[in-house]
Amino acid sequence: LAPSNSSSSARLTTAVYRACAGPPVSARMEAARGAMAAISGLAQQRADAGLRKTVAGLLISRGAALQALQLSSEPLAQARTPFPAQAPGTALPVAPAADVAAGPEAEALLQSIGEHAAAAAAAVAQERSAEALKSFEGLAAAFRALGDRACEAAALTALSSALAACGGDRRDAFRAASAAVKAARAVGDKPGLIAALEGAVSTSFAFGDPDEALRAATEVAALASQGGDRRAEARARLAAASAQLATGDAQAAMEASFQALELCRALGDKQGQAMALSVAYDVNVLLGRPAAAAGSARDALALARGDRRAEAAASLLVGGVGTAERDALDACQQALSLYQGLGDKAGEAAAKLAVANAHLSKQDGKEADQGLASAKEALAAFKGLGSRSGEAVALATVAAAYIQKGEAAEAEEAGREALSFFRELRDSVGEAYTTSLLKEAKVVAAKPSPASVRFEEATSIAHVEVSDGSSGASLRGVVEQLQMSKGLSCIVLHINGATDPATPPGSGRDFGLFLMGLRMLGLPVVASVCGRISGPMWAFVLTCDYRIAATTSTFICPLWGKPECMRSFLGHNVLVQLCMSTGPKDSLVMLESGVVHQLQKGAADTRTAAAEMAKRVVATPSMACRKQPFVLNQSVEEYAMAAIQGKGVC
């Protein structure tokens, strides 16, 4: 053997140590590279989500609420992305530098690197965020102790990605990204520096800092252009376009997206072209140019031909601009067909929502019915998938459909449920959109709605719609239609109370005349009660044979009407209590007091239950209300006459 202090002896000792010490260096480095690639992919997903939320906030401020909601909701955003963004690559060398990889200490560090890499990969695969973050911290510390700056830069980039993907501290993530860039710059390795800067771009987007992302992307574009790396330059231009869009600089974003588009076209990169067109699409939406946005979406659709999944996503872009053109609806239906063929349930649910919005954009009564049906199908699909975000958006779409149909109570119910979901998810964009829908529902509720009647000849039931704003003329018209009809056995009175406390109550005289008209018919009356009951609306509630209310209903005390007449309605004790009380009472209190006989969860269930009860009344001639309807009670006549004359009203 050579003398113990010779370099040949050191190399021989190291070689023998490695041969006996488990996996080779290349296997450990490959394990580290795999773990870094995995966390980079997750960080890119977090970056995409952060970018979408930033852009969605801008769209909300510009009035494009629907497009903002489509961006902020994860299942909808995934369904409308033709090609997902690729994560930046890792610049980890195949092996550490020879001058730092020799000796037992280096071998121990390399073994530690292999162990941390394996633990990190397992934690990422099993979605154990805390363990993954701890493993990447250990991996970065081991590479730092090894002393190879290029390896250290790659490890620090992976650490910043881990902090972004696992919800770590923002300052620690930016500190790691900055240290990675500094280490790569010190080595003088341009590919390594580009990789570190791309990692900084991803981290910046994930933590909602588009300005820092733009700075890093601009440097990457310059380095890639100098080095002739056109693919890296295209990625950088695309990242710069996204960052400029997020900062609200639409013109610069459009120019950068066109630059990226040309670079990707020269490279034959269809995925890159589609991503550049997606940025141009969002820019046009931000600028309020739906026709130009639709043009960008069609170009993306042409690129996606042959890839059914990408084609379905691009079709959703075409149909998601919110235009009332027929091709928007056709594109959404085409996307629905493609997702059904692929067996993609999440994509299918998102496409059904797009179909609903396409119908609603036409602002037509029949289209609103079809839009409501599609939104309810999407709601059921998202419930089946367990997607709370999708369910929230579907409920908001249901509320929008009800608003267009003029059904304020149902719109408010769906909107409030959607709002609770968005708050649970901490989705500020969804909250803003749903809050605006609830305001629209209040406007709809404040509009006078005429009373109307619908006949079911097969069941001999008449369905009468009344509300606070029902005019005397419309109420008289309903009575005339009821009197002219033949074979009626029961009336279902759908009482739609106000959703806005500021809505003035209707005329007591008109409501009293309507009650006298019902007395002339002498038929049993089943009530479905929704919304806010106050003032003369109490007349409709108290004089029905069977009263079913929605749990969301509220009743404003004191009772309205002549107190002496209401003793037979409720009993002495309840009458005194409700006449002496002031303020709102919930539906449960009304159930306990006997004012209502049954509660249902929402407006739709309440109306259905009332209709089913009416069918039971029709099918059972022996029921007391068939023999002696309550509306024929002498107290009801006195109550109605007092209302007409304006006497003795609380």
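Without hydrogens or angle criteria, Ser470 side chain to Ser467 main chain gives a donor-acceptor distance under 3.5 Å. A donor-acceptor contact shorter than 3.5 Å is absent between the side chain of Ser460 and the backbone of Leu488. Formation of a donor-acceptor pair under 3.5 Å by the Asn357 side chain with backbone atoms of Leu353 is found in this model. The main-chain N or O of Arg607 is never found under 3.5 Å from a side-chain atom of Ser528 such that the two would form a donor-acceptor pair. Proximity of a side-chain donor or acceptor of Glu413 to a complementary backbone N or O of Ala603 within less than 3.5 Å is detected. No donor-acceptor pair closer than 3.5 Å links the side chain of Asp344 to the backbone N or O of Tyr339. Between the side chain of Arg547 and the main chain of Ala527, no donor-acceptor pair closer than 3.5 Å is present.
Atom CD of Glu457 has 12 or fewer neighbouring heavy atoms from other residues, nucleotides or ligands inside a 6.0 Å radius.
When every heavy atom of Gly535 is checked against every heavy atom of Trp560, the shortest pair comes out as O-CB, 3.0 Å. Here the closest heavy-atom approach between residue Ala375 and residue Ala356 is recorded as N-CB, 3.7 Å. Considering every non-hydrogen atom in both Ala441 and Ala408, the closest pair reads O-CB, 3.5 Å. Residues Thr606 and Ile548 come closest through the heavy atom pair CG2-O, 3.4 Å. Heavy atoms only, all atoms of each residue included: Ala378 and Ala394 are closest at C-CB, 4.3 Å. Shown here for Val453 and Ala462, the closest heavy-atom pair between the two residues is CG2-CB, 4.2 Å.
Side-chain N/O atoms of Gln483 and Gln481 include no donor and acceptor closer than 3.5 Å.
Summarising the geometry, atom CD1 belonging to Ile533 is positioned 6.0 Å from atom CD1 belonging to Ile495; distances are rounded to the nearest 0.5 Å. Annotation: the span from His463 atom NE2 to Leu493 atom CG amounts to 11.5 Å, rounded to 0.5 Å. Note that CD of Glu367 is 9.0 Å distant from CG of Leu360, once rounded to the nearest 0.5 Å. From Leu379, atom CG reaches atom CD of Glu377 across 11.0 Å, with rounding to the nearest 0.5 Å. With values rounded to the nearest 0.5 angstrom, Leu559 atom CG is found 12.0 Å from Ser534 atom OG. Note: Met566 CE to Tyr639 OH = 5.5 Å, rounded to the nearest 0.5 Å.
Between Lys352 and Glu348 there is a salt bridge, since a side-chain N of the basic residue sits under 4.0 Å from a carboxylate O of the acidic one. A salt bridge is absent between Lys562 and Glu564; no separation between the charged side-chain nitrogens and carboxylate oxygens falls under 4.0 Å. Ion pair Lys53/Asp427 not flagged as a salt bridge, since none of the NZ, NE, NH1 or NH2 atoms sits closer than 4.0 Å to an Asp/Glu carboxylate oxygen. Salt bridge present: Arg416 and Glu412 bring a charged side-chain N and a carboxylate O closer than 4.0 Å. Using a 4.0 Å cut-off between charged side-chain N and carboxylate O, Lys442 and Glu440 make no salt bridge. A salt bridge between Glu592 and Lys585 is absent, with no side-chain N of the basic residue lying under 4.0 Å from a carboxylate O of the acidic one.
A cation-pi arrangement is present between Arg46 and Phe207 under the rule of less than 6.0 angstrom and at most 45 degrees off the ring axis.
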Just do the side chain to side chain contact (heavy atoms under 4.5 Å, CB included) check on Val393 and Glu391 with the steps written out, would you?
CA-CA 6 Å; Val393 179; Glu391 195 174 341; over 6 Å; no

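For an aromatic pair to be called close, the ring centres must be under 6.0 Å apart, and Tyr433 with Phe422 fails this. Two rings, from Phe630 and Phe569, have their centers less than 6.0 Å apart.
Using the six-membered ring where Trp is involved, Phe555 and Trp538 have ring planes that are tilted, between 30° and 60° apart.
The closest side-chain heavy-atom distance from Thr552 to Lys601 is not below 4.5 Å. Between Arg626 and Pro524 there is a side-chain heavy-atom pair separated by less than 4.5 Å.
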